[in-house]
Amino acid sequence: MDTGKELLFFFSALGAFNGIILSIYFFFFTKKKYLTNYFLGMLLFALSVRIAKSVFVYFHPELPKLYLQFGLTACFFIGPCLYYFLKSAVDEVTILPKSWKLTLLFWGILIAAVGILYPYEMYPELWGIYFIRIIYFQWFVYILCSAFTIRNILKKIIRRKEKTTPAEIWFGMLFLANFLLFLFYFLAIMGARAAVYIGGAVVFSFILYLIISILLYRKRTDDLFLLYEQKSSGKKIEEPEAALLFDKLQNKMIEQSLYKNANLSLQDLSKELNITPHQLSQFLNNNLGKNFTSYVNEFRVNEACKIIKSNDKLTLESVGYDVGFNSKSTFFSAFKKHTGTTPLNYQLQALHP
């Protein structure tokens with residue numbers, strides 16, 4: 001390789017390596033463990049593996065085809081991780097929902113099965129013609145879902161009519177960066193003249209160093225991971241507006257049993273009340289002193305207590321699912337938090353007062 005290619009290889013490979021290091025940072029070393037941190041770490045790791053594959057194959061095409069298989073396999077996780085990263089922020093998801101676990105497990109099993117049954121080394125045409133189209137189609141679908149999830153943020157950034165918060169700019173930037181990466185690779189694969197295959201790795205490196213610069217420059221980074229963090233401002237919704245909103249919220253939760261929906265999100269509940277997720281989060285945090293998850297779980301636990309007292313034939317696990325929890329461990333943890341005892345102890349006390 002000449003000097004120019006060596007510099008390009010070094011810059012691109014270093015970007016992939018630093019991406020893996022940064023993903024480890026988001027997994028293990030951030031001060032506050034938000035669910036968004038973990039998905040951002042997973043996203044960066046998947047992207048880094050994809051970029052590393054591009055770099056090494058572009059400069060060393062004689063390498064085993066296994067590198068290509070690893071890189072394309074990582075693409076299957078880029079879309080889901082991007083979507084769940086943004087979704088967990090917009091809907092203030094703090095505990096990994098069961099549906100998300102099953103989706104990630106599904107992709108993992110599918111990828112492993114395809115990789116074992118149809119390895120790239122033996123089926124290069126199958127991967128190069130068909131699998132790659134499925135991979136990029138899946139990635140594109142998740143990009144569309146991600147765009148829909150943060151559509152309000154993107155509108156604010158594009159129109160510039162409303163003031164955007166650092167978190168909104170951060171999430172919007174990360175989405176647009178992923179979209180650009182997808183576009184570069186897609187155009188390169190389609191044979192567009194202006195698109196160079198290694199261009200995706202270069203773009204990723206620039207984006208990565210921009211992220212690192214932001215994290216190093218900012219003294220406070222916690223506000224980048226929560227879209228509706230209100231504890232710092234402490235601004236309450238004034239009475240009697242707060243009283244009206246509380247009554248409306250309680251009625252919606254009780255009459256429609258919204259809490260029984262295991263996938264109920266902050267955004268869903270705010271739509272029922274005809275207010276923004278920001279306003280609902282502000283009301284819950286500052287007027288009621290609890291976050292969205294804690295508020296909803298109170299209804300679920302109270303309902304679970306009623307069922308346990310009235311029916312001793314149901315298993316505790318089925319009670320948890322009936323009232324809206326998506327896993328046994330989440331139910332037991334929330335129950336103990338709100339009642340001070342475990343569901344089993346509560347059941348024993350109810351049967352033998």
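In what follows, every heavy atom counts, from backbone to side chain, and hydrogens, waters and symmetry copies are set aside.
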Should [X] and [Y] be regarded as members of a common hydrophobic cluster, given that ILVMFWY residues are connected when their side-chain heavy atoms come within less than 4.5 Å of each other, either directly or indirectly?
| X | Y | answer |
| --- | --- | --- |
| F335 | L348 | yes |
| L117 | F76 | yes |
| F186 | F137 | no |
| I109 | I111 | no |
| F140 | I134 | yes |

Expected output: side-chain [X] to main-chain [Y] donor-acceptor under 3.5 Å:
| X | Y | value |
| --- | --- | --- |
| S257 | K260 | no |
| K252 | L258 | no |
| W127 | L72 | no |
| N178 | L174 | yes |
| R50 | L47 | no |

**Message:** Run K290 and E298 through salt bridge (charged side-chain N to carboxylate O under 4.0 Å, His left out) and show every step you take.
**Reply:** CA-CA 10 Å; K290 59 191 72 173; E298 281 186 12; 3.0 Å; yes

**Message:** Among L269, D268, N263, exactly one meets side-chain contact (heavy atoms from CB on, under 4.5 Å) together with S265. Which residue is that?
**Reply:**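 The single option meeting the side-chain contact (heavy atoms from CB on, under 4.5 Å) with S265 is D268.
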
[atom1] of [X]: more than 12 outside heavy atoms within 6.0 angstrom?
| X | atom1 | value |
| --- | --- | --- |
| Y321 | OH | yes |
| R133 | CZ | no |
| K337 | NZ | no |

**Asked** Any side-chain donor paired with an acceptor under 3.5 Å for T330 and S327?
**Response**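 Yes, S327 and T330 have a side-chain donor paired with an acceptor closer than 3.5 Å.
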
At what distance, to the nearest 0.5 angstrom, does [atom1] of [X] lie from [atom2] of [Y]?
| X | Y | atom1 | atom2 | answer |
| --- | --- | --- | --- | --- |
| N286 | S281 | CG | OG | 8.0 Å |
| E272 | L280 | CD | CG | 11.5 Å |
| Y346 | Q349 | OH | CD | 8.5 Å |
| N302 | N297 | CG | CG | 10.5 Å |
| I143 | Y136 | CD1 | OH | 10.0 Å |
| L110 | Q138 | CG | CD | 9.0 Å |

Heavy atoms, side chains only, cut-off 4.5 Å: are [X] and [Y] in contact?
| X | Y | value |
| --- | --- | --- |
| F175 | I150 | yes |
| L284 | N291 | no |
| L86 | I153 | no |
| P277 | K271 | no |
| K336 | T341 | no |
| L316 | I308 | yes |
| F325 | V301 | yes |
| Y84 | T36 | no |

Nearest heavy atoms of [X] and [Y], plus distance in Å:
| X | Y | result |
| --- | --- | --- |
| I157 | G172 | CD1-CA, 3.9 Å |
| P80 | L104 | CB-CD2, 4.1 Å |
| S48 | I20 | OG-N, 3.3 Å |
| I78 | A46 | CG1-CB, 3.8 Å |
| S146 | L82 | OG-CG, 3.7 Å |

**Prompt:** Does F331 have R300 sitting over its ring (NZ/CZ under 6.0 Å from centre, angle to axis within 45°)?
**Reply:** no

**Request:** Give a yes/no verdict on a cation-pi contact between K328 and F332, requiring under 6.0 Å between NZ or CZ and the six-membered ring centre and an angle within 45° of the axis.
**Result:** yes

**Item:** Candidate pair T339 and C305, rule side chain to side chain contact (heavy atoms under 4.5 Å, CB included), full reasoning
**Value:** CA-CA 9 Å; T339 64; C305 290; 4.2 Å; yes

**Message:** Can you list everything that forms a side chain to side chain contact (heavy atoms under 4.5 Å, CB included) with D322? Sequence neighbours excluded, please.
**Reply:**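 In terms of side chain to side chain contact (heavy atoms under 4.5 Å, CB included), with neighbours along the sequence ignored, D322 is linked to L314.
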
**Message:** List the residues meeting side chain to side chain contact (heavy atoms under 4.5 Å, CB included) with F299, not counting sequence neighbours, and say none if there are none.
**Reply:** Q250, M253, I254, Y259, Y295

**Request:** Using the side chain to side chain contact (heavy atoms under 4.5 Å, CB included) rule, take E125 and Y130 through it: C-alpha gap first, then chi angles, then the decisive distance, then the call.
**Result:** CA-CA 8 Å; E125 292 185 1; Y130 298 103; over 6 Å; no

**Message:** The criterion is salt bridge (Lys or Arg N to Asp or Glu O under 4.0 Å); which residues satisfy it with E317, sequence neighbours excluded?
**Reply:**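 Once residues adjacent in sequence are excluded, E317 has no partner under the salt bridge (Lys or Arg N to Asp or Glu O under 4.0 Å) criterion.
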
**Asked** Do the rings of F182 and W139 sit parallel, tilted or perpendicular, given the 30° and 60° boundaries?
**Response** perpendicular

**Asked** When the ring planes of W107 and Y142 are compared, do they come out parallel, tilted or perpendicular, using 30° and 60° as the limits?
**Response** perpendicular

According to side-chain hydrogen bond (donor to acceptor under 3.5 Å, both in side chains), who are the partners of [X], at least two apart in sequence or on a separate chain?
| X | value |
| --- | --- |
| T315 | S318 |
| S294 | none |
| K306 | none |

**Request:** Could you check F246 against F283 for side chain to side chain contact (heavy atoms under 4.5 Å, CB included), going step by step and ending with a plain yes or no?
**Result:** CA-CA 9 Å; F246 178 76; F283 173 71; 3.8 Å; yes

**Message:** Run F39 and L35 through side chain to side chain contact (heavy atoms under 4.5 Å, CB included) and show every step you take.
**Reply:** CA-CA 7 Å; F39 276 114; L35 192 59; 3.8 Å; yes

**Near-ring test F171/F85, centroid separation under 6.0 angstrom** =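 Centroid distance F85-F171: below 6.0 Å, so yes.
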
